[in-house]
Amino acid sequence: MAPKNKLCCLIHTAPYHSSRTAEALDFILAASTMTEQLSVIFINNGIWQLLQRQQPDHIKLKAYTRGFAALPEFGIDNIYLDDSALVQSQLKLDDLFIQPTVLTTAAIQHHLTQQDYIFHF
Amino acid sequence: MQPYHFVIAVHGAPYQHQGASSAWHFANAVLKKGHHIKQVFFMMNGVYHANKSYEVPNDETHWTREWYALSQQYHFALLICSTAAARRGITADLLAPGFQLAGLAQYFHALGTIDRNVVFGN
């Protein structure tokens, strides 16, 4: 069997609603130790994870989203953003604390067909 | 048709999320059809399945015991993400029979060897 190591993590929810995306970051870091073919894609409301100047300590929550800025230090460079998330949210790349590569929805769909496993958070 | 080898991931807690029960029904169905489950990995809120202290009324399904029975009958591991468990106070002494603490590395390692990963309880 060919190695099944193309993993893609889709982040489609906004932060702080639950601990799910905080734990997703742990999941992504663990996945990065197992494969070099890991990609992370922000779609739909996932774009809000990347908004600058978050201050969740004001509501006693940890600013875990800063971890997304550290992904390249763990060798995770394939970080993408759906351009329709920019349109829907009316945000600009400058509003975000990282600048992922922006892809069209069609390009993301194609990328997904190439994956062995897809996880969504 | 060749039997498939599955890993089932459960992200939802029992009694809190329908995905938790769907996971059991799916596992049961594929096993009855002759497929194989290598491992069921409970993560995020799914780790609550391993809590041996659930007081479940007699007229309700005891999901922890159902998973244990299935895993004994069909010989697959019931693994709990140790990081998620620690966050939720599911310590080693609280683990129900059949459930083991494990790292995500074991989950990803299993993914490399099976046909399908099905995730429930998002």
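All values below come from the heavy atoms of this structure, side chains included, with hydrogens, waters and symmetry mates left out.
- Using a 4.5 Å cut-off between heavy atoms, His109(B) contacts chain A through both its backbone and its side chain.
- Using a 4.5 Å cut-off between heavy atoms, Leu104(B) touches chain A through its side chain atoms alone.
- Proximity to chain B is limited to the side chain of Leu7(A), based on heavy atoms less than 4.5 angstrom apart.
- Across Asp26(A), Thr33(A), Thr13(A), the residue that shares the most heavy-atom pairs under 4.5 angstrom with chain B is Asp26(A).
- Of all the listed residues (Asn45(B), Asn122(B), Asn117(B)), the one sharing the greatest number of non-hydrogen pairs under 4.5 Å with chain A is Asn122(B).
- Counting heavy-atom neighbours within 6.0 Å of Lys33(B) NZ, excluding the residue itself, gives a total of 12 or less.
- In this structure, chain B has heavy atoms under 4.5 Å from both the backbone and the side chain of Phe27(A).
- Neither the backbone nor the side chain of Ala9(B) comes within contact range of chain A; no heavy atom of the residue lies under 4.5 Å from a heavy atom of that chain.
- Note that OG1 of Thr64(B) and CZ of Phe99(B) are 5.0 Å apart. Values are rounded to the nearest 0.5 Å.
- Contact annotation for Ser18(A): neither backbone nor side-chain heavy atoms come within less than 4.5 Å of a heavy atom of chain B.
- A 6.0 Å sphere centred on CZ of Arg20(A) holds more than 12 heavy atoms belonging to other residues, nucleotides or ligands.
- Contact check on Arg88(B) versus Glu23(A) returns a salt bridge, with a Lys/Arg side-chain nitrogen under 4.0 Å from an Asp/Glu carboxylate oxygen.
- Within a 6.0 Å radius of CG in Asn58(B), other residues, nucleotides and ligands contribute 12 heavy atoms or fewer.
- Counting heavy-atom neighbours within 6.0 Å of His120(A) NE2, excluding the residue itself, gives a total of 12 or less.
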